[in-house]
Structure formats: structure tokens, C-alpha cells
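The structure displayed is predicted, hence computed values, not measured ones. We name chains A, B, ... by the order of the sequence lines, and we start the count at 1 in each one.
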2 protein chains.
Amino acid sequence: MSAVERRSGAGIQSAERALRILELVGAAPTGLTAAEIAERLGLGQSTAYRLLATLQHEDYLTRQPGEHRYILGRSVDELGRALQVQLVATDPVRAVLRALHDAAHAPAYLTVFRGDDIAVAHIADSPEHPRIGQLHVGFAEASHTTAFGKLMLASRDDAAVARFLEKRGAARLTASSVTDVATLREQLDEVRAQQLAVEVEEYLPKLACIAAPVRSPAGRVVGAVSVSVSAKDLPSRAWELERAVRRGAWQVSARVAG
Amino acid sequence: MSAVERRSGAGIQSAERALRILELVGAAPTGLTAAEIAERLGLGQSTAYRLLATLQHEDYLTRQPGEHRYILGRSVDELGRALQVQLVATDPVRAVLRALHDAAHAPAYLTVFRGDDIAVAHIADSPEHPRIGQLHVGFAEASHTTAFGKLMLASRDDAAVARFLEKRGAARLTASSVTDVATLREQLDEVRAQQLAVEVEEYLPKLACIAAPVRSPAGRVVGAVSVSVSAKDLPSRAWELERAVRRGAWQVSARVAG
DNA sequence: ATGACGATTCGCACATAGTGCGAACGCACC
DNA sequence: GGTGCGTTCGCACTATGTGCGAATCGTCAT
């Protein structure tokens with residue numbers, strides 16, 4: 001390896017290249033040709049073709065017959081499906097969320113904690129009770145201003161929380177966001193005690209959220225079930241919603257494998 | 001490379017290994033430890049760790065803080081999402097399928113042709129009009145016995161069809177399945193002429209299916225919109241269903257990008 | 001037919017990038 | 001303070017991946 005130019009990610013070069021190809025192809029709605037790929041990655045043609053042959057052989061890429069552009073293949077779908085399973089987004093779990101939505105008359109969410117991220121695994125909503133703004137199924141940064149974010153942090157010990165805050169900080173999103181670390185710690189203690197997290201206008205104005213923990217059979221907190229309602233409705237409905245969310249989280253936990 | 005033992009897939013070794021790791025981790029609901037991965041793949045620990053570091057760095061793998069097992073990361077989700085886009089499974093398209101289902105009182109399907117496979121991109125059904133048996137969203141082998149399969153074959157020239165049949169054969173699934181190649185070719189010609197494929201009890205007994213082609217802006221047939229009904233209802237409803245399916249396919253085509 | 005152009009494969013020489021082994025390190029738990 | 005993981009490091013070796021150029025194939029236009 002030359003001392004002059006150092007590769008960015010210190011990793012297995014060809015593995016990185018393979019992954020980058022997948023991303024590149026995925027980002028192109030109609031796929032890419034071998035030449036385009038080689039060019040954009042600065043690869044010789046042989047190299048590109050060999051990498052592509054491997055990816056195609058493993059069904060991560062395919063081509064329409066007669067076409068020269070590569071598109072994502074079925075293995076990508078299989079991986080995605082495997083992820084869904086890991087995220088607990090199975091049909092019985094979806095049914096629980098749907099029932100929660102119907103009972104609470106509010107959008108219901110299933111989130112799963114992954115590393116320092118949160119994955120929104122499923123949302124049960126309706127035209128009458130739509131999901132929060134831009135919240136969508138997929139990975140999102142964890143935040144100390146959301147009910148499920150608090151739950152995630154509460155599931156960790158102080159050292160881990162400190163590490164998290166050091167990395168991500170405690171940004172202020174609304175006037176009510178908690179930015180003081182000491183106060184946040186107190187909140188997390190309360191979350192641990194109640195096994196429930198509540199957030200009122202800390203994430204988005206006028207909105208409140210209640211979340212209860214989902215546990216693996218081993219007892220580990222792996223995610224959260226939550227609902228969001230308008231902040232002004234919260235006082236009158238808190239008790240009812242808490243019960244509904246706790247029940248939903250319990251039911252999901254019972255349907256979590258492994 | 002030793003002449004004695006030859007590697008299976010003639011490809012880039014480390015890329016293959018990286019992909020295999022992803023599959024392995026995906027297949028384990030709760031993830032795997034580095035040691036397990038190294039062992040199952042027959043890798044030295046350094047090698048395994050370096051591969052894992054690369055995959056983690058690119059966010060294809062993550063770990064829960066404190067945990068030693070690797071799980072699928074957010075990049076997998078992003079890839080899967082990119083595939084969904086390539087499969088045209090966007091919200092407006094889903095809405096079209098839903099409308100078709102409501103109008104036709106039958107389960108509606110969007111399929112996308114990929115290589116020699118068919119991807120079921122979306123299904124709009126209901127408890128009253130449930131989807132066909134084990135049909136599910138995801139990739140499936142193309143078949144000459146399904147309406148969308150016929151449509152896919154019809155979108156190809158004779159040589160490509162020949163190649164397909166040589167590889168996959170023309171199996172008999174029901175008493176009505178067409179297994180004679182000449183007859184099949186005639187059917188495909190008719191499909192091309194009508195821009196519509198119909199199948200009656202060729203795939204599953206008592207079921208019939210009508211499919212119309214989805215076209216890219218460039219005019220290429222990229223998939224199909226279809227509905228399935230009970231075979232005995234077909235005669236009385238054929239005209240109505242044909243109109244509905246054609247309309248649905250047209251609407252989807254208008255919502256296909258690139 | 002002929003030629004020209006893009007896509008794809010092949011052959012080859014080179015050395016980088018990847019590999020395995022063993023040892024060292026860090027860390028938690030006993 | 002020791003024992004048992006999980007993880008990193010150092011090193012020597014060469015298989016593995018690489019780039020270049022040329023050969024081949026296929027398609028389309030002339």
C-alpha cells in the first residue's frame with residue numbers, strides 16, 4: 001500500500017467495492033451498465049466485470065434479457081426480508097399494532113433498537129389518525145426527544161448513555177426539549193421505574209407520545225410500541241392510552257422469537 | 001490456486017465471503033458472533049474480523065451496544081428500499097391497485113419482470129377477496145401457466161422464449177396447463193395481439209387470472225397488473241374485468257419513473 | 001457483405017491486497 | 001490474580017485480485 005494515497009475505509013477492498021456497486025445500482029432507478037459502473041468507481045474493466053459476475057452469480061444483481069444494464073436481484077430482496085424478520089415486523093405483530101390503533105384511535109408504532117439507531121419497523125395508522133409528519137418505516141437516528149428514544153436510552157446503563165450523548169449530543173428540537181443531561185438522566189430513571197416513556201411536545205409541537213418496552217424472551221428490551229396523540233388530548237386520555245400501549249407492547253413481546 | 005480443490009463460484013473470493021456473511025447473519029434471527037461466522041465459513045479469525053469490520057463500517061452490519069453478535073444494519077434496509085423503488089412499489093402505484101381491487105371485487109397484483117424471474121411487488125386484497133394461496137410479495141419463478149408469466153414471455157422474442165423454455169421447461173401444474181410449445185407460442189402471439197393475457201385453471205384449479213402489461217415511459221413492457229377470480233365467474237365478468245385490469249395497468253404505467 | 005462500434009472475455013505479468021497463524025492485549029467474571 | 005472470551009496486532013507468504021491490452025462476439029449502419 002503506497003504511503004502517499006491511503007484508501008478511505010480501512011477494510012477489504014473488493015468487499016467494499018462490491019457493496020458500493022450494489023449501492024450504485026440501487027440508486028439508479030433503471031440500473032447501470034458495466035461501463036458506467038467501472039467508470040464511476042474508477043475500476044479497470046476486467047475488475048468491474050469480475051465483480052459484477054460475482055454479484056450476478058450470487059443473484060444480488062440481474063439483467064433483463066437483452067439489456068446491458070444491471071439491476072438489483074432477488075438476493076437483495078431476501079436480505080431485506082431477513083431484516084424485516086429481525087425487526088419483528090411479522091404479520092401477527094402487525095395485527096397487534098392494528099388493534100392498538102383501533103382501540104386508541106391514534107397512530108401506533110413499532111420501533112426496534114439497533115445499535116445507536118432506531119428502526120421504525122411498522123406503523124398502523126389511518127386517514128382519520130395519520131402517522132406523525134415525516135416519520136416513515138425505516139432506520140432513523142435515535143433521539144432523546146422521542147418517547148421510544150427515551151425508552152432506548154433507559155434500556156442502557158449510564159456509561160452507554162454517556163457515550164451516546166457524547167456522540168449525538170442532546171439537541172433542542174422544540175421549546176420543551178430536554179437538553180440538560182442531569183434532567184435527562186432523572187427522566188430516564190423514571191422511565192426505568194415506570195417501564196413507560198412519555199414525551200410531550202419535545203419532538204414536535206402540539207404532539208405527545210407514549211411508549212412501552214418490547215422485550216425479548218430473554219427479557220432484554222429490544223424495542224417499543226407507542227402511540228402519538230395531540231398534546232392537548234393527553235391529560236384526559238393518559239390513563240387509557242397507557243393501558244393500551246402497555247397491552248400492545250406485552251402482546252408484541254409474546255410474539256417475538258429468539 | 002491449487003489444482004486439487006477448486007472454489008465453487010468463479011468469482012471474487014472476498015466479495016463472495018462478504019455476501020455470504022450477510023446471508024448468514026440474516027438467517028440467524030438474533031444474529032451471530034464473530035467466532036460463529038468464522039467457524040461456519042471456515043475462515044481464520046483475522047480474516048473474519050476484517051471482513052466484519054468492513055461490513056460494519058459500511059453499515060451493513062451493526063451490533064447492540066455491549067453485545068457481541070452481529071445483526072443486519074441500516075444499509076441493508078436502504079438497499080431493500082431501493083429495490084422497492086425499482087419494483088415500482090410506490091404509494092401512488094399501491095393506490096391504483098387498491099382501487100382496482102375495490103372496483104373488481106377481486107385480489108389485484110402488481111408484478112415486475114426481472115431477468116427470468118417475476119417479482120410480486122404488491123398485492124391489494126381483503127378478507128372478502130383474499131390473495132391466491134401461497135402467493136406472496138417477493139421474487140418467484142416465472143411460469144408459463146400464469147397470466148403475468150405469459151405476459152412476460154410475450155414481451156420477449158422467440159429466441160428468448162426458446163431459451164427460457166429450455167432452461168425452465170413447460171411443466172404441467174393442472175389438467176389445463178399448456179405444455180405443448182407450439183400451442184404456447186400461439187397463445188403468446190394472441191397475447192401480443194390483444195395486449196392481454198388470460199389464464200383459466202392452468203396454474204391452480206378453479207382459478208382464473210387476467211393480466212395487462214405495465215410499460216415504462218420508453219414503451220418497454222416491465223411488468224403486469226392482474227386480478228384473479230374464480231374460474232366459474234370468469235365468463236360473466238370477463239369484459240368488466242378486462243376493462244378494469246387494462247385501466248389499472250395504464251394507470252400504473254403512468255406512474256412508472258425512468 | 002463489410003466495417004465499425006460497444007460489450008464482454010481472455011491471457012498474462014505483477015504485486016498488492018488478502019490470508020492464516022500465533023501471540024498479545026483488553027476485559028469481564030470468578 | 002487468574003481464567004476464558006473477544007478482539008487486535010505483527011508478520012511472512014502467496015494466492016488472489018488487479019490492470020493492461022488484445023481477441024472475440026454481436027449488433028447495427030452503410
Less than 4.5 Å apart, side chain to side chain, heavy atoms only: is that true for Val120(B) and His136(B)? no
Determine whether Thr62(A) and Arg74(A) make a side-chain contact, defined as any pair of heavy atoms from C-beta on separated by less than 4.5 Å. no
Rounded to whole angstrom units, what separation is found between the [atom1] atom of [X] and the [atom2] atom of [N]?
X	N	atom1	atom2	answer
Gln45(B)	dG20(C)	CD	P	11 Å
His57(A)	dT9(C)	NE2	P	14 Å
Glu16(A)	dT18(D)	CD	P	11 Å
Arg50(B)	dT16(C)	CZ	P	17 Å
Leu61(B)	dT7(D)	CG	P	13 Å
His68(A)	dT27(D)	NE2	P	8 Å
Leu32(B)	dG6(D)	CG	P	12 Å
Glu67(B)	dC5(D)	CD	C1'	15 Å

Would one find a side-chain N or O of Tyr49(A) under 4.0 angstrom from OP1 or OP2 of dT8(C)?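 The answer is yes; a side-chain N or O of Tyr49(A) sits under 4.0 Å from OP1 or OP2.
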N/O (side chain, Gln13(B)) to phosphate O (OP1/OP2, dT19(C)) under 4.0 Å: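 So the side chain of Gln13(B) is within the cut-off, an N or O lying under 4.0 Å from OP1 or OP2 of dT19(C).
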Just checking, any donor-acceptor pair under 3.5 angstrom between side chains of Thr145(A) and Ser177(A)?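 No, because no side-chain N or O of Thr145(A) sits under 3.5 Å from a partner of the opposite role on Ser177(A).
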With DNA chain C as reference, determine whether Arg17(B) or Arg63(A) sits nearer its 5' end, using the nearest nucleotide of each.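 Its nearest nucleotide being more 5', the pick is Arg63(A).
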Separation between the C1' atoms of dT18(D) and dT14(D), rounded to whole Å: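 The same atom, C1', in both gives a distance of 15 Å.
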Within the 4.0 Å heavy-atom criterion, would you say Arg69(A) contacts the bases, only the backbone, or no part of the nucleic acid?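 It contacts nothing in the nucleic acid.
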Within the 4.0 Å heavy-atom criterion, would you say Ser46(B) contacts the bases, only the backbone, or no part of the nucleic acid? base
When Glu186(A), Glu202(A), Glu190(A) are each screened for salt bridge (charged side-chain N to carboxylate O under 4.0 Å, His left out) with Lys150(A), the one that passes is Glu202(A)
Quick check against the 3.5 Å criterion: does Gln194(B) have a side-chain atom that pairs as donor or acceptor with the backbone of Val191(B)? no
